[in-house]
Amino acid sequence: MSLRNVIAIDGPAASGKSTIAQKVADRLGGIYISTGNMYRAITLFLMKNKLNLDSDIDPDQVNSILKKLSLSYTKDSNGKLNLMTNGKAVDSEIRSPDVARHVSKIAAMANVRAWLIEKQRELASLGLVVMEGRDIGTIIFPDAKYKFFLTASPEVRARRRLAQTGETIEGSTVASVAREIAARDEMDSKRKVAPLKKADDAIFIDSSEMTIDEVVNQIVSSIK
Ligand code: CDP
């Protein structure tokens, strides 16, 4: 039976998923969930626990650090979900260039994904959920009735990322940001577990030449 309360939005880095997913959730009265932020919060927690992410990573060491982490969501007065690490709301640090540089390596680890999968699936019990990531339509909710794969040209994505304050290092250019996101996309698409991939039944949207509202309208009208 298909899951009618889940809207899955997947796609590569900086494709506009979070802006679009948030607006779709607002329009439909649903709850917006970024799974990328969960991988980012784990990456930051590992960094804070002095795991060296620039060398080979020992899954056992990651497991023992994850034992000290509780990742949860609490609803605020506006009905928005706030991601909490050990009871404290995450902040913009999870979107820092340093976290972005390491997150794909962590997200490629089977034990990390296994640690998150049930937590992500449980979120469907919250009601109408708009969840965005890389494997929502393929692995987390393969039975979701509504699936979208959102992308844009590398140059458009690099420009969008560059416009987001605090997400790129000083002196970044369109070309340098394009290289960084291409490297991340390659790791995300080529990994063995849950690679970035369009689900066969997902609607493909190239937003390179579209405004945010046009994309939101296309998604909302194909759901209604
Ligand atoms: O916002 P941006 O497009 O840069 O990325 P994100 O959605 O915050 O995701 C950050 C990273 O988390 C991705 O590059 C993936 O490595 C990982 N991720 C994943 O593996 N699976 C997901 N469902 C979501 C994110």
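When reading the values below, keep in mind they use all heavy atoms of this one structure, side chains included, and skip hydrogens, waters and symmetry mates. Just so you know, ligand 1 is whichever comes first in the structure, and atom 1 is the first atom listed for that ligand.
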Please state which part of Asp135 comes within less than 4.0 Å of ligand 1, counting heavy atoms only: side chain, backbone, both or neither. both
Within reach of ligand 1, part of Arg95 (heavy-atom separation under 4.0 Å): side chain
Transitively linked via ILVMFWY side-chain contacts under 4.5 Å: Met38 with Val193? no
Closest non-hydrogen protein atom to [atom], residue and atom name please, with distance?
| atom | result |
| --- | --- |
| atom 21 (N) of ligand 1 | Arg113 NH2, 2.9 Å |
| atom 22 (C) of ligand 1 | Arg134 N, 3.3 Å |
| atom 3 (O) of ligand 1 | Ala14 N, 2.9 Å |
| atom 25 (C) of ligand 1 | Gly36 CA, 3.5 Å |
| atom 24 (C) of ligand 1 | Thr35 OG1, 3.3 Å |
| atom 17 (C) of ligand 1 | Ala107 CB, 3.6 Å |
| atom 18 (N) of ligand 1 | Tyr39 CD1, 3.6 Å |
| atom 4 (O) of ligand 1 | Arg161 NH1, 2.6 Å |

Among Ile, Leu, Val, Met, Phe, Trp and Tyr joined by side-chain contacts under 4.5 Å, find the other residues sharing a cluster with Val174 and list them by chain and number. Leu162, Val177
[Y] versus [X], side-chain donor and acceptor atoms under 3.5 Å:
| X | Y | value |
| --- | --- | --- |
| Asp143 | Ser2 | no |
| Arg113 | Tyr39 | yes |
| Arg160 | Ser207 | yes |

Quick one: does [X] get a heavy atom under 4.0 Å from ligand 1?
| X | value |
| --- | --- |
| Glu167 | no |
| Gln120 | no |
| Arg191 | yes |
| Ser18 | no |
| Met187 | no |

Minimal heavy-atom distance between Ala152 and Asp206, with the atoms involved, is CA-OD1, 3.6 Å
For Arg4 and Tyr146, which heavy atoms make the closest approach, and how far apart are they? O-CE1, 3.5 Å
Nitrogen or oxygen of Asp188 less than 3.5 angstrom from that of ligand 1: yes
Atoms of ligand 1 less than 4.0 Å from [X] heavy atoms?
| X | answer |
| --- | --- |
| Lys17 | 3 (O) |
| Arg40 | 1 (O), 2 (P), 4 (O), 5 (O), 6 (P), 8 (O), 10 (C) |
| Ala13 | 3 (O) |

For Asp200 and Lys147: C-alpha separation, side-chain torsions, deciding distance, then whether salt bridge (Lys or Arg N to Asp or Glu O under 4.0 Å) applies. CA-CA 9 Å; Asp200 292 338; Lys147 296 182 187 178; over 6 Å; no
Decide side chain to side chain donor-acceptor pair (under 3.5 Å) for Thr35 and Arg40; before the verdict, give the C-alpha distance in whole Å, the side-chain angles of both, and the deciding distance to 0.1 Å. CA-CA 9 Å; Thr35 56; Arg40 287 169 178 269; over 6 Å; no
For atom 10 (C) of ligand 1, which candidate among Arg184, Glu132, Glu180 provides the closest heavy atom? Arg184
NZ of Lys80: more than 12 outside heavy atoms within 6.0 angstrom? no
Per salt bridge (Lys or Arg N to Asp or Glu O under 4.0 Å), Asp185 is matched among Lys197, Arg157, Lys190 by Arg157
Any salt bridge between Arg121 and Glu118, counting N to O under 4.0 Å? yes
